Structure formats: structure tokens, C-alpha cells
Asks: 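Have a look at this one before I ask anything.
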Amino acid sequence: MNIVVLGLSITSSWGNGHATTYRGLIRELSARGHQVLFLERDVPWYAENRDMPRPPFCRTILYSSLEDLRAQHSLAVRNADVVILGSYVPEGIAVGEWVTSIAEGHTLFYDIDTPVTLARLARKECEYINPALIGKFDLYLSFTGGPTLRFIEEQYDSPMARALYCSVDPTLYYPEPTDRLWDLGYLGTYSDDRQPAVERLLNQPARRLPENKFVVAGPQYPDSLNWPRNVQRITHVSPASHRKFYNAQRFTLNVTRADMIAAGFSPSVRLFEAMACGVPVISDYWQGLDTLFRPSEEILIASSGAEIVEILTSFPEETRKKICDQGRRKVLAEHTAQHRAMELERYIEELRFAQIV
């Protein structure tokens, strides 16, 4: 297929999880014979932090404005077999109206932020998609599965909503021998709704275990935050260093945003990455987690600092390694970028079949 993707960013992973998702998915689509053009709005904050300025697996073009996009790329969008618009694209509503009005192939909206999107739609504050536009796309791809998919179809008149979770590239994320620098680590951009859980599940255990070592990595944390002395802060870990970062931990922490907990069925890409590296994940709980991983066998669940302390101080090493192995096997069997590319192909075939009948 000839596919055009209009996404937030593929060239820069700075402060967003979109680039990693697009890179994995598009690389696998390309490997399966599809031709992909990625159109990205050129904005200063990504221009200054481009860790993959020219992705080798697709053609990438930066555009300067909505007018530039329309003037230069109407033919590509019109003639594509599939056009995918992602969430958080600047002036996304105008871009979506343009795409759905001129594209002759299938049009898809890829929501990499589904819980946030639905919360903003409910408040009438979403700037990149609106209720009227959702129904114009042939398919709504959602980072959230479960009951949310039917809600999107019924509430917003989407012809078809399907889950396309985040994924991991096993050629980039795998176990490797390294020194264990930290007993527990967390990787994530700061957010107001996640920070109380970071405080409860990492900072409180750190204060109770002054001899243990902890790390929090990610941008945009306020300077006013008071970190325990045994918590190391790293402002940014590039995707190229994620594997090394995870492998240096005994356990890694997964903390879920409030909107994602409310929606359920919203796995984080960091969860898949850590598991692929063979690092046991300790996660807060959300509905649907146990449909993806078996608790206590492939993933650990904690709701309090006391539970974290218990895991760090009393967990048998043999059991820790067993959870590492079982979690990694599950990810490799169901949650790689190749699996997502194949799922996307099946959804498009479903669209074509529906069109025929």
C-alpha cells in the first residue's frame, strides 16, 4: 500500500512518546513492502532536539504551516491508499477536515492519547479532533481498548474503532549484561496527575530505604520538587539509551496517568520496553491490565509505598528472574511493532471487506 501519515513527530522523541510509536510501526510497515510518507509540522522545540532527523524506513517531509501542507502535499494525500492522521498534530481539526475531504483512499485517525482525547472532548477543549470530525474517518485507531472502542463508535458515530496499542522493537530492547545502578527506576515526562503516584511509589520507599538507589528520568519536572537524597534525577534519556537505562535497574516502575486509569486498557510503551529488556515491572493497577499480563507471574502490581518496600527488600532473586523471563516472553509473543503492523493490515482489510459488502 501507499500510506501517508500526518503525525506529531517522527524526527524527535523529545518530551513525547509519539516518535517511538511511529518509528516502530512504520519501520515494520516498510519491511512488509508498504511505501510510507510521513508529514511532520516543523516546530522549534522538535527542531532543536531531533534524534532521528531522517528516518531510513520512510520518506519524511517537514512542512511549515497548514497552507504549506495543502499547497505541497494535496496530490500525495489524494492518491494514497491509506491516510493516517495522528493525535496532537498542530491545527489537527483543520488538517483532518482537509484530509477527509480530498483523500480517495481510506482515512484513519490514530489516537496515541485516547484517554486524554476523550476527557478533552467531554470538556469541549480538544484542539486536534472534534466529535463531527471523528465520524468522517473510516477507522479510529485507539491506544485504549476495551469498552472505550464501543463508546467511540456509539458516542461519536465512528464507523469503526479498533485498538492499536503501543509496541516495542525487540531489536532495540533486550537484556544485556550491565551493572545494576538502581534498585528501582522510573522513566516518564512530568505530569501533575502522575506525580502523586511517583511520590507514593518511589519517593516514599526511597526515604524508607536510604541505602537503596533510585532514579527518575524525564523532562519538565519542576525545580521546586524535593527529591530524597538517594533518588538520582536525569533530565532526558534518549531512545538510543533506553535499553541501557532499563538494564541498569533491578525493577522498573510504571505509573499511569489519571485519564488512562479511568479508561483502563491503556498500556504504556515504557511497560513494553522494560519487559523486553527483561526487567520486572511494578505497575499501578488499571482495568484491563490483567488481560495483557498475568499479575505476579509476568508483572507486579503495587498500590502503596509499603508494597514497594516489601518487593525491594524481600523478593527472592529466583522469583525476580522468573518474572523477567515470563514478562519478556509475553511481550515478544504479542506486543512488538511487527504485531501492530500486521494488526493494522487486518483492520484495513476489514475496511475493504465492509466497503465491498
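Keep in mind the model is a prediction, meaning the values are calculated, not measured. Side chains are part of it too, since the values below use all heavy atoms of this structure and drop only hydrogens, waters and symmetry mates.
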Asks: Looking at Phe57, I'd like to know if the NZ or CZ of Arg27 sits under 6.0 Å from its six-membered ring centre while staying within 45 degrees of the ring's axis.
Replies: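 Relative to the ring axis of Phe57, which defines the angle, Arg27 lies inside both limits.
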Asks: So, Tyr186 and Arg194: side-chain donor and acceptor under 3.5 Å apart, yes or no?
Replies: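 Side chains of Tyr186 and Arg194: pair found under 3.5 Å.
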Asks: Hey, are Asp111 and Thr117 close enough side-chain-wise for a donor-acceptor pair under 3.5 Å?
Replies: yes
Asks: Is it true that Glu97 and Lys136 have a side-chain N and a carboxylate O under 4.0 angstrom from each other?
Replies: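 Answer for the salt bridge query: yes.
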Asks: Whether the side chain of Asp179 engages the backbone of Leu181 through a donor-acceptor N/O pair (distance < 3.5 Å, no angle test) should be reported.
Replies: no
Asks: Using modelled atom types only, decide if a donor and an acceptor are shared between the side chain of Arg41 and the backbone of Ser64 within a distance under 3.5 Å.
Replies: yes
Asks: Is Glu350 atom CD crowded by more than 12 heavy atoms from other residues, nucleotides or ligands, each under 6.0 Å away?
Replies: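 Buried by this count: over 12 neighbours within 6.0 Å.
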Asks: Within the structure provided, determine whether Leu149 and Ser142 are in side-chain contact (heavy-atom separation under 4.5 Å).
Replies: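 Answer yes - side chains close enough.
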Asks: Which side-chain N or O atoms in residues 209-227 pair as donor and acceptor under 3.5 Å with protein atoms at least two apart or in another chain?
Replies:
residue, atom, partner, partner atom, Å
Asn212, ND2, Asp183, OD2, 3.3
Tyr221, OH, Gly188, O, 2.8

Asks: Please work out whether the ring planes of Trp14 and Tyr46 are parallel, tilted or perpendicular, with thresholds of 30° and 60°.
Replies: perpendicular
Asks: What's the verdict on side-chain hydrogen bond (donor to acceptor under 3.5 Å, both in side chains) for Thr21 and His18, showing C-alpha distance, side-chain angles and the deciding distance?
Replies: CA-CA 5 Å; Thr21 296; His18 290 229; over 6 Å; no
Asks: For the CZ atom of Phe272 and the CG atom of Asn254, what is their distance to the nearest 0.5 Å?
Replies: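 Going from the CZ atom of Phe272 to the CG atom of Asn254 covers 10.0 Å.
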Asks: Report the relative orientation of the aromatic rings in Phe315 and Phe251; use parallel for angles under 30°, tilted for 30 to 60°, perpendicular for over 60°.
Replies: perpendicular
Asks: Looking at every heavy atom in both Tyr174 and Pro170, which two are closest together, and how far apart are they?
Replies: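 The pair with the smallest heavy-atom distance is CD2-O, 3.6 Å.
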Asks: Between the main-chain N or O of Ala19 and the side-chain N or O of Asn16, is there a donor-acceptor pair closer than 3.5 Å?
Replies: yes
Asks: What closest approach, in Å, do Asn247 and Arg180 show between heavy atoms, and which atom pair accounts for it?
Replies: O-NH1, 2.7 Å
Asks: Between the side chains of Asp284 and Arg257, is the shortest nitrogen-to-carboxylate-oxygen separation below 4.0 Å, so that they form an ion pair?
Replies: no
Asks: Once rounded to the nearest 0.5 Å, what's the spacing between atom OH of Tyr347 and atom CE of Met160?
Replies: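 Going from the OH atom of Tyr347 to the CE atom of Met160 covers 10.0 Å.
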Asks: Once the angle between the rings of Tyr22 and Tyr110 is folded into 0 to 90°, is it parallel (under 30°), tilted (30 to 60°) or perpendicular (over 60°)?
Replies: perpendicular
Asks: Assess, by modelled atom type and distance only, whether the side chains of Ser191 and Gln195 contain a donor and an acceptor separated by less than 3.5 Å.
Replies: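 There is no such pair (donor and acceptor under 3.5 Å, judged by atom type) between the side chains of Ser191 and Gln195.
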Asks: Working to the nearest 0.5 Å, report the span between CG of Asp113 and CZ of Phe143.
Replies: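 So the gap between those two atoms works out to 8.0 Å.
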Asks: Would you please test Glu343 and Leu164 for side-chain contact (heavy atoms from CB on, under 4.5 Å) and show each step?
Replies: CA-CA 7 Å; Glu343 287 170 357; Leu164 194 69; 3.7 Å; yes
Asks: Taking only residues two or more places apart in sequence or in another chain, which ones pass salt bridge (charged side-chain N to carboxylate O under 4.0 Å, His left out) with Glu334?
Replies: none
Asks: Starting from the C-alpha separation in whole Å, work towards a yes-or-no answer on salt bridge (Lys or Arg N to Asp or Glu O under 4.0 Å) for Arg328 and Glu298.
Replies: CA-CA 8 Å; Arg328 175 172 161 78; Glu298 297 165 340; over 6 Å; no
Asks: Between CG of Asp290 and OG of Ser296, what distance do you get to the nearest 0.5 Å?
Replies: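 These two atoms lie 11.0 Å from each other.
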Asks: Before accepting this row, confirm whether a basic side-chain N of the pair Glu127/Arg120 lies closer than 4.0 Å to the acidic partner's carboxylate O.
Replies: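 Yes.
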Asks: Supply the atom-to-atom distance Thr11 OG1 to Glu40 CD, rounded to the nearest 0.5 angstrom.
Replies: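 So the gap between those two atoms works out to 3.5 Å.
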Asks: Let me confirm one number: the CG-CG distance from Leu118 to Asp259, rounded to the nearest 0.5 Å.
Replies: 9.0 Å
Asks: Between Glu153 and Arg162, is a salt bridge (Lys or Arg N to Asp or Glu O under 4.0 Å) present by the stated rule, with each step listed?
Replies: CA-CA 10 Å; Glu153 292 176 344; Arg162 298 290 184 268; 3.3 Å; yes
Asks: Just say parallel, tilted or perpendicular for the rings of Tyr246 and His242, cut-offs at 30° and 60°.
Replies: perpendicular
Asks: Check this for me: does any side-chain nitrogen of one of Glu273 and Arg270 sit under 4.0 Å from a carboxylate oxygen of the other?
Replies: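 So Glu273 pairs with Arg270 through a salt bridge.
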Asks: Tell me every residue that passes side-chain contact (heavy atoms from CB on, under 4.5 Å) with Glu345, counting only those two or more places apart in sequence or in another chain.
Replies: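 Arg32, His34, Met342.
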Asks: Indicate yes or no: does Arg320 engage Glu317 in a salt bridge with an N to O separation below 4.0 Å.
Replies: yes
Asks: When you check the side-chain N and O atoms of His335 and Arg340, is any donor under 3.5 Å from an acceptor?
Replies: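 Present: a donor and an acceptor within the cut-off.
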Asks: Determine the minimum heavy-atom distance between Ile61 and Arg59, stating which atoms define it.
Replies: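 Where Ile61 meets Arg59 most closely, the heavy atoms are CD1-NH1, 3.5 Å.
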Asks: So for atom CD, which belongs to Glu318, do other residues, nucleotides or ligands contribute more than 12 heavy atoms lying within a distance under 6.0 Å?
Replies: no
Asks: Grab the two heavy atoms, one from Thr144 and one from Ala163, that are nearest each other, plus how far apart they are.
Replies: O-CB, 4.3 Å
Asks: For the pair Asp192 and Tyr190, evaluate side-chain hydrogen bond (donor to acceptor under 3.5 Å, both in side chains) and give the outcome as yes or no after the intermediate values.
Replies: CA-CA 7 Å; Asp192 290 336; Tyr190 173 84; 2.7 Å; yes
Asks: Using every non-hydrogen atom in the two residues, find where Leu292 and Lys330 come nearest and quote the distance to one decimal.
Replies: O-NZ, 3.3 Å
Asks: Look at Lys244 together with Glu176 and state whether they make a salt bridge at an N to O cut-off of under 4.0 Å.
Replies: no
Asks: Could you report the tightest heavy-atom contact between Ser167 and Ala337, atom names first, then the distance?
Replies: OG-CA, 3.3 Å
Asks: Hey, is Asp42 close enough to Arg50 for a salt bridge, meaning N to O under 4.0 Å?
Replies: yes
